[in-house]
**Q** 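So that we are looking at the same thing, I have put the structure below in structure tokens.
The analysis underlying the following values was restricted to heavy atoms, covering all of them including side chains, and did not include hydrogens, waters or symmetry mates.
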Amino acid sequence: MRDAHGAEFDDFVRTRSVALLRVAYLLTGDRHAAEDLLQEVLEQMYVRWRRVRTFPEAYARRALVNRSINRWRRRARRPEQALGDNDGVARDHADDIALRQAVVAALRTLPPRQRAAVVLRYLEDLSVADVAGALRCSEGTVKSLAGHRTTTGTAT
């Protein structure tokens, strides 16, 4: 019985870990922190696999959001570090890199809960209802958190 559950978990990790790592990266803004965050969530899921195996991806997303918010709360706010300098890198994908850096920089300016709502709603393309379930809040709250804002803070 344990082997069957282990195989199911292994299949889940093989098929969904790249997408979950992307979510973790967008939540944290740091590759190493994202890997650590995902590893913690996968460990938690393995222990609870019998309970979470019916909806593992929804559980994983919720756990990533919760843990990223908790990490942010626990740590004193420290200065953000740049993701890296591209001066020595080939420019084949320069526009893609610049766009990614702009998105990550913009996400870093948001509070953790709002960042989670934006990542899940627009970058993971989840419905408002699914984001509300992941964040354990109302759909109206999701709409408010993920609403379009300009730099002056007024709705567009």
**Q** How long is the straight-line distance from CZ of Arg115 back to OG of Ser68, given to the nearest 0.5 Å?
**A** 7.5 Å

**Q** So which atom in Arg62 and which in Ala134 form the shortest heavy-atom distance, rounded to 0.1 Å?
**A** CG-O, 3.2 Å

**Q** Could you state the interatomic distance from CG (Leu64) to CG (Leu42), rounded to the nearest 0.5 Å?
**A** 8.0 Å

**Q** Step by step, would you call Glu35 with Tyr25 a side chain to side chain contact (heavy atoms under 4.5 Å, CB included)?
**A** CA-CA 8 Å; Glu35 289 172 350; Tyr25 176 74; over 6 Å; no

**Q** Does some side-chain heavy atom of Tyr59 sit less than 4.5 Å from a side-chain heavy atom of Arg53?
**A** no

**Q** Side-chain contact, heavy-atom cut-off 4.5 Å: Leu110 with Val118?
**A** yes

**Q** Run Leu126 and Arg61 through side chain to side chain contact (heavy atoms under 4.5 Å, CB included) and show every step you take.
**A** CA-CA 11 Å; Leu126 295 181; Arg61 282 193 301 265; 3.2 Å; yes

**Q** How far apart are the closest heavy atoms of Arg121 and Val128, and which atoms are they?
**A** NE-CG2, 3.4 Å

**Q** Side chain to side chain contact (heavy atoms under 4.5 Å, CB included) between Leu135 and Val65: does it pass, once the steps are laid out?
**A** CA-CA 7 Å; Leu135 296 180; Val65 168; 3.3 Å; yes

**Q** When hydrophobic residues are tied together by side-chain contacts of less than 4.5 Å, even through go-betweens, does Phe55 share a cluster with Leu120?
**A** no

**Q** Grab the two heavy atoms, one from Val41 and one from Ala63, that are nearest each other, plus how far apart they are.
**A** CG1-CB, 3.7 Å

**Q** Search all heavy atoms of Ala129 against all heavy atoms of Glu139 and return the closest pair with its distance.
**A** CB-OE2, 3.4 Å

**Q** For a 4.5 angstrom cut-off between non-hydrogen side-chain atoms, does Cys137 reach Arg113?
**A** yes

**Q** Short question: side chain of Ser144, backbone of Gly140 - any donor-acceptor pair under 3.5 Å?
**A** no

**Q** Name the residue from Leu107, Leu145, Val119 that meets the side chain to side chain contact (heavy atoms under 4.5 Å, CB included) definition with Gln114.
**A** Leu145

**Q** Locate the shortest heavy-atom distance separating Ile69 from Pro112; write the atom from each residue and the value.
**A** CG1-CB, 3.7 Å

**Q** State, to 0.1 Å, how close Arg67 and Leu37 come at their nearest heavy-atom pair, and which atoms those are.
**A** CB-CD1, 3.3 Å

**Q** Just list the side-chain donor-acceptor pairs under 3.5 Å for residues 12-22, sequence neighbours left out, or say none.
**A**
unit_1: Arg14; atom_1: NH2; unit_2: Asp11; atom_2: OD1; d: 2.6
unit_1: Thr15; atom_1: OG1; unit_2: Asp11; atom_2: O; d: 2.9
unit_1: Thr15; atom_1: OG1; unit_2: Phe12; atom_2: O; d: 3.3
unit_1: Arg16; atom_1: NE; unit_2: Glu57; atom_2: OE1; d: 2.8
unit_1: Arg16; atom_1: NE; unit_2: Glu57; atom_2: OE2; d: 3.2
unit_1: Arg16; atom_1: NH2; unit_2: Glu57; atom_2: OE2; d: 2.7
unit_1: Ser17; atom_1: OG; unit_2: Val13; atom_2: O; d: 2.8
unit_1: Arg22; atom_1: NE; unit_2: Glu124; atom_2: OE2; d: 3.2
unit_1: Arg22; atom_1: NH2; unit_2: Glu124; atom_2: OE2; d: 2.4

**Q** Under the rule for ring pair (Phe, Tyr, Trp, His ring centres under 6.0 Å), what residues qualify as partners of Phe9, not counting sequence neighbours?
**A** Tyr46, Trp49

